[in-house]
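When a ligand or atom number is given, it counts from 1 through the structure's own listing order. Below, all heavy atoms of this structure are taken into account, side chains as well, without hydrogens, waters or symmetry copies.
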Amino acid sequence: MLPCQRQLFDIPDDAAYLNCAYMSPLMKPALEAGIAGLARKAHPWELTADEFFTGSEEFRKMGAQVLNSSADCIAIVSSAGYGIQTAAQNLPANKGQSILVLAEQFPSNYYPWQRLAAEKGAALKIVPWPADDNWTSAVLDALTDDVAIAALPHVHWTSGGRLDLIRIGAACRRIGSALVLDLTQSLGALDFDVNDVQPDFAVAASYKWLLGPYSTGLLYVAPKWHSGSPLEEGWIQRANSRDFSSLILYSDEYHSGARRFDMGERSNFALLPAAMRAMRQILEWKVGEISETCGAMNRRLAAAAAELGFSAPAEPMRAPHYLCLRRQAAIPKELAGMLAREKVFVSVRGSSIRVTPHVYNTVQDCERLISCLRCTA
Ligand SMILES: Cc1ncc(COP(=O)(O)O)c(C=O)c1O
C-alpha cells in the first residue's frame, strides 16, 4: 500500500476528485516536463535532428517496461481509437467468421470492428452482459471456432468488470483467434504482462491510468504483425528519415519493429516528456501497489455504500481500482447538484455511480462522497 501521494498533484483540499476513469490529473513533475518541452518550440534552432528520434525511443522503452515487452514492439499513437483502427486494418476476418466484442464496449473499440465486419461480410458477435458479473466465463463461452478476432478490454469501462486475460488469451490461441486489447481503463492500475496474455495488438491512451497527457498513447504490436500496413505513410516512419537532407530519396523500407505504426508527428516535444515522467512515477510506485492502494479505498467505499443500499460486483470479478455502485431505488436527480456543490467528482450515469480513486485521494475524499450518498438514502 502506498501512502497518499497528493503532494505530487495540484489538487485543492476542497476537491474530492474520484474520477480517474474520466481523466487523471497531471502530476506536477509531469506538468513541468510538458511545459519545458513546449518551451523548446520557442527556440527551434536548438532542436537537433537527433531529438526527433531520441525522445520517441525513450518513450518506447518506458512503455515497454509498463507492458513488459520490448521497445521494438511499441508504437506511439494519439488515442485508443488510432491503435484499434491499426489492428483492424491488419487483421484478417472473412465471411462466415465473427469479431467478438462485449456488450456496451467503449466506442473506440467497437466502431472499427463494426466497419470491418460490414466490409468483409463477417459478423459482429456481442458478448451479452453476464447476470453473474462474470465477464471471463461469458467471453470463454463465446469464443467458438468462428471467432477470427476478439477485441476486448481488461476492465469494462462502465461496470469495472474484470476479464481474466491470461485465460482468454490461451483460449484465443486454441481456436486461432487474434486478440486485440484496449487497456485504457486498466494499464497503470492493474498488472498486465504481454508475455502472459500474448495479444496481437494492445493499446492504451495515456490520459487516464497512465497519468499522462491527452492525445498520447502506446500501442503494442506482436512481432508477427510487424510487416503490416500503418494508418499513415509519413516520412518519419521510413528507414531513411534520420537523414533530413535526403528525405526525397524515397525509401521502401520502414524503421524496424512496430515503429512503422507510429502516428504522424509522433516526436511531440511537449507531450512525450510529460507522458514519460508519469510512466516513470508509476514504475517507481509499482502497478501492484497502485492497484492495492486504490483497491483498499474502493473496498471501504463499497462497504459504506452497501449500508445505503448500493451494490457492486465483488473482487476479483471487479477490478480493484474501479467501483461502480448501483442500487434498485432510483438515484435522485438532486445528487448531481449536491456532488457539484460539495466538489465531489465521480461519474453518475443513469442508475450507476462510477468511483475511481487514485493514490492522490484521502480518507476525507471518500467520506465526503459517502456523506453525499447518505443524503440520497
Ligand atoms: C475503455 C476506453 N477506451 C478508450 C477511451 C478513450 O478513447 P480514445 O483514446 O480513442 O479517445 C476511453 C475513454 O473513456 C475508454 O473508457
Side-chain angles (χ1 to χ4, degrees), residues 17-26 59 63 66-67 74-89 99-116 126-127 129 135 139 149-163 165 168 179-190 192 197 199 201-220 231-232 261-266 268 271-272 274-275 278-279 294 318-319 321-324 345-350 352-358:
Y17 190 73
L18 295 156
N19 209 0
C20 188
Y22 164 68
M23 180 178 277
S24 56
L26 203 57
F59 178 89
V66 175
L67 289 158
I74 305 295
I76 306 169
V77 296
S78 52
S79 64
Y82 192 105
I84 299 290
Q85 191 61 51
T86 302
Q89 176 161 306
I99 301 171
L100 193 72
V101 296
L102 302 186
E104 300 180 28
Q105 187 152 290
F106 191 77
S108 298
N109 195 14
Y110 175 84
Y111 291 129
W113 307 116
Q114 185 189 41
R115 187 205 288 190
L116 183 68
I126 300 177
V127 181
W129 199 283
W135 280 107
V139 169
I149 303 166
L152 302 168
H154 199 172
V155 171
H156 195 291
W157 72 297
T158 60
S159 70
R162 171 188 190 157
L163 281 72
L165 292 180
I168 290 170
L179 178 61
V180 179
L181 298 174
D182 173 9
L183 303 176
T184 302
Q185 289 293 10
S186 53
L187 197 65
L190 190 61
F192 177 86
V197 177
F201 292 83
V203 69
S206 76
Y207 71 96
K208 296 177 191 281
W209 302 94
L210 288 173
L211 305 180
Y214 200 59
S215 308
T216 332
L218 45 94
L219 172 67
Y220 166 83
L231 293 193
E232 297 179 52
F261 300 107
D262 284 352
M263 64 179 174
E265 298 193 11
R266 59 101 209 271
N268 192 310
L271 298 185
L272 294 193
M279 278 195 280
C294 299
R318 171 178 68 73
H321 63 292
Y322 219 100
L323 182 67
C324 288
F345 300 92
V346 290
S347 284
V348 182
R349 303 264 187 277
S352 129
I353 302 173
R354 187 180 68 182
V355 187
T356 46
H358 209 282

Pair up each side-chain donor or acceptor in residues 100-112 with any protein partner under 3.5 Å, not counting sequence neighbours, and list the distances.
| from | atom 1 | to | atom 2 | distance (Å) |
| --- | --- | --- | --- | --- |
| Gln105 | OE1 | Leu102 | N | 3.0 |
| Gln105 | NE2 | Asn109 | O | 2.8 |
| Gln105 | NE2 | Ala151 | O | 2.8 |
| Asn109 | OD1 | Trp113 | NE1 | 2.8 |

### Task
Output the distance between atom CD (Gln185) and atom CZ (Arg354), rounded to the nearest 0.5 Å.
5.5 Å
### Task
With a 4.0 angstrom cut-off on heavy atoms, strictly below it, pick out the residues next to ligand 1 and order them by chain and number.
Ser79, Ala80, Gly81, Phe106, Ser108, Trp157, Asp182, Thr184, Gln185, Ala205, Tyr207, Lys208
### Summary
Applying ring pair (Phe, Tyr, Trp, His ring centres under 6.0 Å) to His358 and not counting sequence neighbours gives Trp209, Tyr360
### Message
Just verifying a value: how many Å separate Ile76 CD1 and Leu271 CG, rounded to the nearest 0.5 Å?
### Response
11.0 Å
### Message
Going by the rule side-chain hydrogen bond (donor to acceptor under 3.5 Å, both in side chains), which residues pair with Asp182 if we only count those two or more places apart in sequence or in a different chain?
### Response
Thr184
### Query
How close do Thr356 and Ala21 get, heavy atom to heavy atom, and via which atoms?
OG1-N, 2.9 Å
